[in-house]
Amino acid sequence: MAIPPLSIEFYLGTAIVLYVIGFYCFVSKRNMIKLIIGLEILIDGAHLNFIAFSAYANGGLIDPLVHAIVITSIVIGGCIAAVAMALILSAYRQYKTINIRELRRLKE
């Protein structure tokens with residue numbers, strides 16, 4: 001018995017939830033690691049939208065170009081997260097904090 005395909009509203013709703021969670025991390029958190037996690041969640045919401053719109057625009061056919069672009073974006077996002085973590089580690093070793101507000105006070 002085959003599972004019926006989900007509607008595009010399900011994917012868009014899930015993407016909106018990911019956007020809200022990621023935006024909440026940007027607004028409320030001051031920890032740099034949590035900000036990077038929030039950024040990755042926002043990017044995942046964009047990936048989900050991109051794949052869902054491509055599948056429904058082509059009548060359910062799978063477009064390999066969209067999947068290749070999303071996979072490339074995931075790899076680039078992983079590299080950006082790794083570089084950001086290295087910068088956070090360096091900032092922690094130097095200033096003994098990863099709180100953004102405290103680091104901004106040190107700038108003065």
Side-chain angles (χ1 to χ4, degrees):
M1 179 175 203
I3 299 173
L6 298 173
S7 65
I8 193 165
E9 290 84 14
F10 175 77
Y11 294 112
L12 295 180
T14 306
I16 289 172
V17 169
L18 289 174
Y19 286 141
V20 169
I21 292 170
F23 187 70
Y24 173 75
C25 286
F26 272 119
V27 172
S28 66
K29 305 299 180 195
R30 298 295 172 221
N31 187 336
M32 288 192 291
I33 294 174
K34 291 180 182 178
L35 289 175
I36 292 174
I37 291 171
L39 177 68
E40 292 296 323
I41 291 172
L42 279 171
I43 292 171
D44 289 338
H47 292 157
L48 183 61
N49 270 341
F50 198 46
I51 290 175
F53 282 134
S54 73
Y56 282 95
N58 294 330
L61 298 175
I62 297 174
D63 188 8
L65 177 64
V66 174
H67 289 280
I69 291 171
V70 168
I71 289 172
T72 304
S73 176
I74 290 170
V75 170
I76 292 171
C79 294
I80 290 171
V83 169
M85 290 293 182
L87 290 173
I88 290 170
L89 183 62
S90 175
Y92 180 75
R93 286 181 181 165
Q94 179 109 17
Y95 301 112
K96 302 296 184 216
T97 184
I98 55 174
N99 189 339
I100 291 179
R101 288 185 180 172
E102 292 178 19
L103 289 173
R104 284 185 184 162
R105 287 186 199 146
L106 293 173
K107 184 173 73 171
E108 297 174 354

Could you list who else is in [X]'s hydrophobic cluster, with ILVMFWY side chains joined at under 4.5 Å, directly or through other members?
X	result
Phe23	Val27
Val20	Ile16
Val83	Leu87

Name all residues meeting the side chain to side chain contact (heavy atoms under 4.5 Å, CB included) criterion together with Leu89; count only those two or more places apart in sequence or in a different chain, and write none if there are none.
Arg93

Mark yes or no for whether Thr14, through its side chain, and Phe10, through its backbone, hold a donor-acceptor pair below 3.5 Å.
yes

Backbone of Ile51 reached by a side-chain donor or acceptor of Ser54 within 3.5 Å
yes

Rounded to the nearest 0.5 Å, how far does [atom2] of [Y] lie from [atom1] of [X]?
X	Y	atom1	atom2	result
Ile33	Ile98	CD1	CD1	4.0 Å
Glu102	Tyr95	CD	OH	13.0 Å
Ile100	Lys29	CD1	NZ	12.5 Å

Among the clusters formed by ILVMFWY side chains lying less than 4.5 Å apart, do [X] and [Y] turn up in the same one?
X	Y	answer
Phe26	Met32	yes
Leu42	Phe50	no
Ile80	Leu18	no

The test is side-chain contact (heavy atoms from CB on, under 4.5 Å); show your working for Thr97 and Tyr92 and say whether it passes.
CA-CA 5 Å; Thr97 184; Tyr92 180 75; 5.6 Å; no

Nearest heavy-atom approach of Tyr19 to Ala46 is OH-CA, 3.3 Å

Do you know the tightest heavy-atom contact between Gly45 and Ala15?
O-CB, 3.8 Å

Ignoring hydrogens and angles, write down the donor-acceptor pairs under 3.5 Å from the side chains of residues 34-41, residues two or more places apart or on other chains.
none

Go through Asn49 and Leu12 one step at a time and tell me if the side-chain contact (heavy atoms from CB on, under 4.5 Å) criterion holds.
CA-CA 7 Å; Asn49 270 341; Leu12 295 180; 3.2 Å; yes

Side chains of Tyr11 and Phe53: closer than 4.5 Å at any heavy-atom pair?
no

Side-chain donor/acceptor pairs under 3.5 Å, residues 70-79, sequence neighbours excluded:
| unit_1 | atom_1 | unit_2 | atom_2 | d |
| --- | --- | --- | --- | --- |
| Thr72 | OG1 | Ala68 | O | 2.8 |
| Ser73 | OG | His47 | NE2 | 2.7 |

